[in-house]
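To keep things clear, I will list the structure first and then write my remarks on it.
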Amino acid sequence: MISARDWADARRVWDYHQMGHTPRPCSVAVGLGSHDLGVADTAVSLYKRGMAPLLLFTGATSPTTRERMPRGEAVHYQERAVELGVPSTAILVEPRARNTGENIRFSRELLEKERIEVASVLLISKPYEERRAYATARKLWPAVEVVSASAPMTLDEYVDSIGDARLVIDMLVGALQRLMIYPEQGFMISQSVPPDVLDAYERLCEAGFTSRLLATDAPSS
């Protein structure tokens, strides 16, 4: 059972994960691979609005995408974009990355190899991964302006799209934990976590939403 308090805390964490950036024209739009084809759909929508002249999709496979996306996340994103009307000449594919850091590093390397000058990046992710993607890009690609974007969804809408409320809350909690511990490991820039968000995180951990926590920091419940 997910209590009203749990839902309130989850919404507080959900809101924190989103950067609140207004999409604006950038040198390139980079779609971060995942199980969610909505990332590709959002990238296509922004491309058609003139927010970027080029799409770059990045991602290999993971245990959660291997069956659904056997050709790799970036390739399936590319196929989706072409299906939605984006010319193949406007798409680059980076098929090796297996985590957010590699998404950024390998995308940067591919654009440099293609001699594409990049001053700004429209970074497209799942809604609850906006802040993590932003913090990672600012660490690994500090010279470019980073604008975060995702599908415009509420938490309730996202839960409906996934079909597993507990899993979604677990993912919100796990993503926040990484935002707090990864800067010390050099993976991303530090982000200030407001006290009310930290309180919500701790209550959700105490309530047992811990399946996506890294073992080194998983609280007992």
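- Side-chain atoms of N103 and T100 form no donor-acceptor pair, as typed in the model, at a separation below 3.5 Å.
- Atom-to-atom distance recorded for T61:OG1 and R68:CZ is 13.5 Å, nearest 0.5 angstrom.
- Within a 6.0 Å radius of CD in Q185, more than 12 heavy atoms belonging to other residues, nucleotides or ligands are found.
- Cluster membership check: L179 shares its hydrophobic cluster with M171, using side-chain heavy-atom separations under 4.5 Å among Ile, Leu, Val, Met, Phe, Trp and Tyr.
- With rounding to the nearest 0.5 Å, the separation of CZ in R49 from CG in L46 is 5.5 Å.
- L204 contributes atom CG, which lies 10.5 Å from atom OG1 of T210 (distance to the nearest 0.5 angstrom).
- No side-chain donor from either of E94 and S107 sits under 3.5 Å from a side-chain acceptor of the other.
- Within the model, atoms CZ of R166 and CE of M1 stand 10.5 Å from one another, a figure rounded to the nearest 0.5 Å.
- One finds no salt bridge joining D36 and K126 here, because no Lys/Arg side-chain nitrogen approaches an Asp/Glu carboxylate oxygen to under 4.0 Å.
- Between E112 and R108 a salt bridge is recorded (basic side-chain N to carboxylate O distance below 4.0 Å).
- More than 12 heavy atoms of other residues, nucleotides or ligands sit less than 6.0 Å from atom CD of E83.
- How far CG of L56 is from CG of L111: 5.0 Å, rounded to the nearest 0.5 Å.
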Practice item. Give the intermediate values and the outcome of side-chain hydrogen bond (donor to acceptor under 3.5 Å, both in side chains) for residues S150 and E130. Key: CA-CA 7 Å; S150 65; E130 274 195 21; 2.7 Å; yes
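- A chain of hydrophobic side-chain contacts below 4.5 Å, direct or via other Ile, Leu, Val, Met, Phe, Trp or Tyr residues, connects L176 to I169.
- Follow the hydrophobic side-chain contacts under 4.5 Å out from M51 and you never reach V30; the two are in separate clusters.
- Residues V39 and M153 fall into different hydrophobic clusters, defined by Ile, Leu, Val, Met, Phe, Trp and Tyr side chains chained together at heavy-atom separations under 4.5 Å.
- One N or O on the side chain of T42 and one on the backbone of G38 form a donor-acceptor pair closer than 3.5 Å.
- Using a distance-only test at 3.5 Å, with no hydrogens or angles considered, a donor-acceptor pair links the side chain of Y77 to the main chain of S34.
- None of M180, R12, E206 except one satisfies the side-chain contact (heavy atoms from CB on, under 4.5 Å) rule with Y201; the exception is M180.
- Between the CD atom in E73 and the CD atom in Q78 there is a gap of 14.0 Å [rounded to 0.5 Å].
- Residue pairs meeting the side-chain hydrogen bond (donor to acceptor under 3.5 Å, both in side chains) criterion with at least one partner in residues 14-30, sequence neighbours excluded, are R24-E145.
- Remark: the backbone N or O of T154 is paired with a side-chain donor or acceptor of E157 at under 3.5 angstrom.
- For the residue pair G101 and T136, the shortest heavy atom distance occurs at CA-CG2, 3.9 Å.
- Residues V146 and L140 share a single hydrophobic cluster, defined by chaining ILVMFWY side chains whose heavy atoms lie under 4.5 Å apart.
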